[in-house]
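Accompanying notes for the structure given below.
Fair warning: this is a prediction, and the values are worked out from it, not measured in the lab.
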Amino acid sequence: MRRRTALKAIGFGIGGAVALGGGGLGAYYAAAKRDTAGKIAFDRALSIPALAEAGSDASGARVFTLGIRSGETRFKDGPPTRTWGVNGTYLGPTIRARRGERVEFTVRNGLGQETSLHWHGMHLPAAVDGGPHQSVPAGGVSTATTSSRRGSRWAARWA
C-alpha cells in the first residue's frame with residue numbers, strides 16, 4: 001500500500017469516527033428532556049438592582065461613582081456565597097441617563113486583584129467598553145467619559 005493511500009484511509013477513518021461521534025452526541029442532546037415547566041418552584045423574587053446615584057461635574061456631565069467590592073450574599077437557606085458587586089455585595093446598580101447626555105464613570109476597585117467592567121446594553125466605543133484590555137488594578141481607579149444612547153444598562157465583572 002502506498003503511503004498516500006494509507007494516509008487517505010486513516011484520514012477518512014478519523015473523519016468518519018468524528019462524524020459518527022458528533023451525530024451520536026447530537027441525537028443524545030435532541031432526545032434529552034429539557035422542559036422544566038411546572039417543575040421548578042420560583043419562590044424568590046427577581047432581584048432588580050436599584051438606580052445608581054449620580055452627580056454632575058462643571059461641564060454638566062452626569063457622573064457615576066462605582067465601587068467594586070467583595071462580600072457575601074445569601075441566595076437560599078444555608079451559608080452565604082462569596083460574591084462581588086458594584087456599590088454593593090452583589091450585582092451592580094442600574095445606570096440611567098438621557099439620550100445624548102455626557103456620562104462619566106469613575107470606577108474604584110476595592111478588590112484584592114485587578115478586574116474590569118463591561119457595560120451591557122450601552123453602545124460605547126471599544127476603548128471604553130471594558131473587558132480584559134481595560135483592567136483596573138487592585139485598589140486603583142479608572143475614569144471613562146462617553147455620550148449616552150438608549151438601552152438597558154448593567155455591568156459584568158471580569159476577573
Original post:
Yes or no on side-chain contact (heavy atoms from CB on, under 4.5 Å) for T106 and L66, after CA distance, side-chain angles and deciding distance?
Top reply: CA-CA 6 Å; T106 300; L66 305 174; over 6 Å; no
Kindly give the heavy-atom pair with the smallest separation between [X] and [Y], and that separation in Å.
X: E114; Y: P137; result: CB-CA, 3.9 Å
X: G92; Y: P49; result: O-CB, 2.7 Å
X: P132; Y: S116; result: N-OG, 3.9 Å

Original post:
Which of these, V136, N87, V141, sits in a side-chain contact (heavy atoms from CB on, under 4.5 Å) with R108?
Top reply: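 Of all the options given, the one that passes is V141.
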Original post:
Is it true that V63 and I95 fall in one hydrophobic cluster, defined by side-chain heavy atoms closer than 4.5 Å?
Top reply: no
Original post:
Tell me the side chain to side chain donor-acceptor pair (under 3.5 Å) pairs involving residues 58-67, sequence neighbours left out?
Top reply: D57-S59, S59-R102, R62-E101
Original post:
Do S56 side-chain atoms and A61 backbone N/O form a donor-acceptor pair below 3.5 Å?
Top reply: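 Not a single qualifying donor-acceptor pair exists.
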**OP:** Begin with the C-alpha distance, continue with both residues' side-chain angles, and end with the deciding distance and a verdict on side-chain contact (heavy atoms from CB on, under 4.5 Å) for L91 and V86.
**Re:** CA-CA 6 Å; L91 296 177; V86 178; over 6 Å; no
Original post:
Under the side-chain contact (heavy atoms from CB on, under 4.5 Å) criterion, do W84 and T89 qualify, and how do the steps go?
Top reply: CA-CA 5 Å; W84 287 358; T89 59; over 6 Å; no
**OP:** State which residues pass side chain to side chain contact (heavy atoms under 4.5 Å, CB included) with Q134; sequence neighbours excluded, sorted by chain then number.
**Re:**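 By the side chain to side chain contact (heavy atoms under 4.5 Å, CB included) rule, Q134 matches V128.
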Per-pair distances, 0.1 Å, donor-acceptor, side chain in residues 67-81, under 3.5 Å, sequence neighbours excluded:
residue	atom	partner	partner atom	Å
R69	NE	G88	O	3.4
T73	OG1	T83	OG1	2.9
R74	NH1	G78	O	2.1

**OP:** Only counting residues at least two apart or in another chain, list the ones meeting side chain to side chain donor-acceptor pair (under 3.5 Å) with S142.
**Re:** none
**OP:** Determine which pairs satisfy ring pair (Phe, Tyr, Trp, His ring centres under 6.0 Å) with at least one residue from residues 55-74, sequence neighbours left out, and list them in order.
**Re:** F64-F105
